[in-house]
Amino acid sequence: MQENRGRKDSMLLRGSKLAAFAIALSMSAGYAEPTRALDNRQAQLSKALKTKDYAQLQRLVLSAATPADVKTDLDWLRDQMFGGASSAVAMWYAARLWGVAAPLPAGPGDELRQAAAAAALYTYAAIRIDGTRCADVSAPTGRRETVLAVFRPIWAFVGTLSPEKRARLVDTAVKLDRVTAARRTREGDDAFLCRDGLDEIAYNLKRGTSKAVPTPLGGVGRTIATGGDGTYKPRVVAEKSWKPKAAQLRAELPQTLTLLVSSAR
C-alpha cells in the first residue's frame, strides 16, 4: 500500500508546480548542449555521491564557474533528490537553486524561489526522519540546525507568502518524502546524518590530529577537522528502535512542516 501510494505521489509530483519550476530553471540558468566536459562533471558528482565523499561533493558544487556548470549541477542534484539520495544532495539543491533564484525579478523568480523553499522543507523533513537511525542524536540535530540557520533567507521569503502558497510548499515536501521514503528506508543516510556529532568529535580528539578543511555550508571562518585514524564509524540504533520513530515522525510531518512555515519570518 505504501509503495503504491509512493508511485501515485511520484506521478502527482512530476506533474506539479515543482516539476514546472525545474523547466523554468532550465530557461533561467541558460541552456547548453550536452558536452563531454559536462558529462564528465556529472560523472564526478556521481562518483562523490556513490563513495559518500560529501566533502568532495561540496567542493564540486562550489566549483561551478559558468551558467552551464550551474545548470548541469542543478539538473543532477534535482534528479538525485527525486530519486531519494542523501539529504546532503537535497540541501545543496535548495542552496544552489536559491542562489540562482534570489536575484531574479518577480514572476519566474518567485516560482524558482518557491521551488527552493520546497526543497529546503524536504531537506529538513528527511533529516528529521532519517536521523532516527543515529545513536549519537547530536549529529542529525546539528544537520537540522544548519538547515534552519543557512536557509534563513529562504525562511524569510516563505514568511512573505500567502497561507495558500505556504500550504502548497508543505504539500510538495510531504509528497516528495513519500516518493523517496522506500529508498531512504532501505539504504539509510548514516554516512552523512550520523557524522560530525559529539561522539565523532570525542573519538577524533583522542587521536590528536587536526587539519584545515573547507568550511561547510552555513559555516563562518576557518574550519578545523579533528582527524583521528580514519577508523570512526557512526553507530546506528537497532531497526526495531528507529523504524517506529521514523514512522511516527512521518505521520506528523504535515503538522511539523506547517508549524515551521507558519513561524517563518
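Note that the structure is a prediction, hence the values are computed from the model and not measured.
Applying the disulfide (SG to SG under 2.5 Å) definition to pairs two or more places apart or across chains, none involves residues 86-118. Applying the disulfide (SG to SG under 2.5 Å) test to residues at least two apart or on different chains, none of the pairs has a partner in residues 236-265. Sequence neighbours left out, the pairs with a member in residues 134-201 that pass disulfide (SG to SG under 2.5 Å) are Cys134-Cys194. The list of salt bridge (Lys or Arg N to Asp or Glu O under 4.0 Å) pairs with a residue in residues 125-135, not counting sequence neighbours, reads Asp130-Arg184.
Residues Ala94 and Ala119 share a closest heavy-atom pair of CB-CB, 3.8 Å. Between Tyr54 and Asp189 the shortest heavy-atom distance is OH-OD1, 3.8 Å. Scanning all heavy atoms of the two residues, the minimum distance from Ile154 to Ala116 falls at CD1-O, 4.3 Å. Residues Leu169 and Leu161 approach most closely at CD1-CD1, 3.7 Å, considering heavy atoms. Contact detail for Ile127 and Ser87: the closest heavy-atom pair is CG1-OG, 3.6 Å. Closest approach of Pro103 and Val100 over heavy atoms only: CD-O, 3.4 Å.
Using a 3.5 Å distance cut-off with no hydrogens or angles, the side chains of Thr172 and Tyr122 do not pair a donor with an acceptor. Donor-acceptor pairing under 3.5 Å is recorded for the side chains of Arg59 and Gln56.
Side-chain contact between Trp155 and Arg265 is absent, with no heavy-atom pair separated by less than 4.5 Å. Considering only heavy atoms from C-beta on, Leu260 stays 4.5 Å or farther from Val158 through its side chain. The side-chain heavy atoms of Thr180 and Phe82, taken from C-beta on, include no pair separated by under 4.5 Å. At least one side-chain heavy atom of Phe192 sits less than 4.5 Å from a side-chain heavy atom of Met91. When side chains are defined from C-beta on, Arg113 counts as touching Leu104, because their heavy atoms get closer than 4.5 Å. No side-chain heavy atom of Tyr124 sits less than 4.5 Å from a side-chain heavy atom of Phe151. Taking the side chain as every heavy atom from C-beta outward, Lys245 and Ser241 approach each other to under 4.5 Å. Side-chain contact check for Leu60 versus Asp73: every heavy-atom pair is 4.5 Å or farther apart.
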Can you check side chain to side chain contact (heavy atoms under 4.5 Å, CB included) on Ile201 and Leu205, steps first, answer last? CA-CA 6 Å; Ile201 292 172; Leu205 282 174; 3.9 Å; yes
Would you check, one step at a time, whether the test side chain to side chain contact (heavy atoms under 4.5 Å, CB included) holds for Val61 with Leu45? CA-CA 8 Å; Val61 172; Leu45 291 165; 4.2 Å; yes
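Formation of a donor-acceptor pair under 3.5 Å by the Thr185 side chain with backbone atoms of Ala182 is not found in this model. With hydrogens and angles ignored, the 3.5 Å screen pairs no side-chain donor or acceptor of Arg96 with any backbone N or O of Lys71.
Summarising the hydrophobic clusters (Ile, Leu, Val, Met, Phe, Trp, Tyr; side-chain heavy atoms under 4.5 Å, direct or chained), the residues clustered with Val237 are Trp242.
Note: the hydrophobic cluster containing Leu193 does not contain Val236 (ILVMFWY, side chain heavy atoms under 4.5 Å, direct or indirect links). Neither Val170 nor Leu259 shares a network with the other; the hydrophobic side chains, linked directly or stepwise wherever heavy atoms of I, L, V, M, F, W or Y lie under 4.5 Å apart, form separate groups for each. Residues Val137 and Val147 are members of separate hydrophobic clusters, defined by side-chain heavy-atom contacts under 4.5 angstrom among Ile, Leu, Val, Met, Phe, Trp and Tyr. The hydrophobic cluster containing Leu62 also contains Leu77, counting ILVMFWY residues as joined when their side-chain heavy atoms lie under 4.5 angstrom apart, directly or transitively.
The pair Arg168-Asp171 does not count as a salt bridge, with every side-chain nitrogen at least 4.0 angstrom from each carboxylate oxygen. Between Arg235 and Asp199, at least one side-chain nitrogen of the basic residue sits less than 4.0 Å from a carboxylate oxygen of the acidic one, meeting the salt-bridge criterion. Here Asp196 pairs with Arg143 in a salt bridge; the nearest charged N to carboxylate O distance falls below 4.0 Å.
Taking the side-chain contact (heavy atoms from CB on, under 4.5 Å) definition, one finds that Ser138 meets it with Asp136, Leu198, sequence neighbours left out.
To the nearest 0.5 Å, atoms CD (Gln80) and CZ (Arg78) are separated by 11.0 Å.
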